[in-house]
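Since the structure comes first, as structure tokens, the remarks are kept for the end.
Just so you know, ligand 1 is whichever comes first in the structure, and atom 1 is the first atom listed for that ligand.
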Amino acid sequence: MEKSAKLGTNKTGVDTSPIHSKEMASGAKQYTPATGREQDLNAMRRAAIEDAERLGSVPIPGTAKGMLKSMMEKFTGNQPAIFVNKLGERLAFERAGTRVYEAMILKAEVANAQGELPFQIPIDRLQHFHREEGEHFQLLIDCMEKLGVDPTAQTPDADVSALAGSGMMKVISDPRTTFPQCMEAMLGLELTDNAAWELLVTLAEDLGQDDMARQFKKALSEEETHVREIREWYEKCVRSQASGATH
Ligand SMILES: [Fe+2]
């Protein structure tokens, strides 16, 4: 089955049909609303932003116990709540990360079997990364439990980061996407993940959680390997296609 995009079959541009393109341009002018301007739309958006409620709340129990209690006594303000919010965010991301790698492994198996690329994708490395995402997920569960926070609760930033990553997840799980296209989405996810682990290390250090900071640094160094290798493979995939070595 021919899978690669053929040149000359794309009809999305205006050059495909100059006559229809002219009609489309004149139609766009004709049906542009005479009233209502960009400023009006912005005013409406501004009002909506000002009135909006926030996305959920951080699940800190009213009667915080143990580590979280002493942390909340020691650090005034929102610092402990922000930490919990970010722990929950990473937890959700790493859990999703294991699912993403499962989808990538499947894509890689099919790509290898069909010879989509002029080289074999190292599936054992993807399996290794998959395992590490699972370990990071478990680490975050342990940290939240140690603090006395329910790790199954969805924090506001977990919600937002899931939404932000959902487009990349769709790319990877779409049966039509090629392995290189999936790798680009994967690179986006891993770059975000890397920056987030760096921040988590800093937040743990700010709160004097040296044990957690040390464990997060280990996770960060593993994530740095993920991002480096994914980036290298992605470049290799794209360049191998550019050289015409496939299909
Ligand atoms: Fe990763």
Side-chain angles (χ1 to χ4, degrees), residues 82-112 117 119-145 151-152 154-174 177-205 209 211-238:
I82 290 166
F83 187 51
V84 169
N85 194 4
K86 289 295 175 191
L87 283 174
E89 177 193 314
R90 262 337 342 94
L91 182 146
F93 199 98
E94 298 298 307
R95 182 184 55 223
T98 63
R99 302 281 174 263
V100 174
Y101 271 106
E102 281 159 21
M104 284 301 283
I105 290 165
L106 210 58
K107 271 274 160 90
E109 283 171 353
V110 176
N112 278 351
L117 296 161
F119 56 88
Q120 289 286 295
I121 301 149
I123 289 174
D124 58 326
R125 292 303 288 161
L126 289 173
Q127 283 164 340
H128 180 71
F129 296 169
H130 171 254
R131 209 166 34 247
E132 285 179 339
E133 302 290 353
E135 286 166 9
H136 299 166
F137 167 62
Q138 192 56 52
L139 165 66
L140 291 154
I141 290 178
D142 295 345
C143 290
M144 286 181 88
E145 281 179 344
T152 65
Q154 169 112 324
T155 69
D157 285 6
D159 201 1
V160 172
S161 105
L163 179 63
S166 63
M168 304 203 211
M169 303 277 226
K170 282 181 194 162
V171 168
I172 293 166
S173 55
D174 191 315
T177 51
T178 63
F179 191 76
Q181 286 166 341
C182 293
M183 285 303 271
E184 183 172 9
M186 201 69 225
L187 181 58
L189 288 169
E190 287 289 23
L191 284 166
T192 304
D193 202 17
N194 238 251
W197 275 106
E198 273 180 27
L199 177 61
L200 208 56
V201 169
T202 308
L203 292 177
E205 285 172 347
Q209 295 297 319
D211 252 16
M212 285 191 199
R214 197 172 29 76
Q215 288 172 302
F216 295 166
K217 273 184 193 161
K218 182 177 175 282
L220 173 61
S221 83
E222 288 164 354
E223 292 293 351
E224 281 168 350
T225 305
H226 296 188
V227 85
R228 193 184 61 247
E229 289 194 27
I230 294 286
R231 192 176 202 148
E232 284 168 7
W233 297 345
Y234 170 56
E235 285 176 11
K236 192 175 168 188
C237 286
V238 172

Task: Option among Phe216, Trp197, Phe93 that satisfies the ring pair (Phe, Tyr, Trp, His ring centres under 6.0 Å) test with His136 - done: Trp197
Open item on the list: For the residue pair Arg231 and Tyr234, would you count it as a cation-pi contact if the rule is NZ or CZ under 6.0 angstrom from the ring centre and within 45 degrees of the ring axis?
Closed with: no
Task: His130 and Gln127: side chain donor to acceptor below 3.5 Å - done: no
Task: Glu190 atom OE2 and His226 atom ND1 as seen from the Fe ion (ligand 1), angle to 10 degrees - done: 90°
TODO: Using modelled atom types only, decide if a donor and an acceptor are shared between the side chain of Lys86 and the backbone of Ala196 within a distance under 3.5 Å.
DONE: no
- [ ] Identify, by name, the N, O or S atom of Glu133 lying closest to the Fe ion (ligand 1).
- [x] OE2
Task: N, O or S atom of Glu223 closer to the Fe ion (ligand 1) than 2.8 Å - done: yes
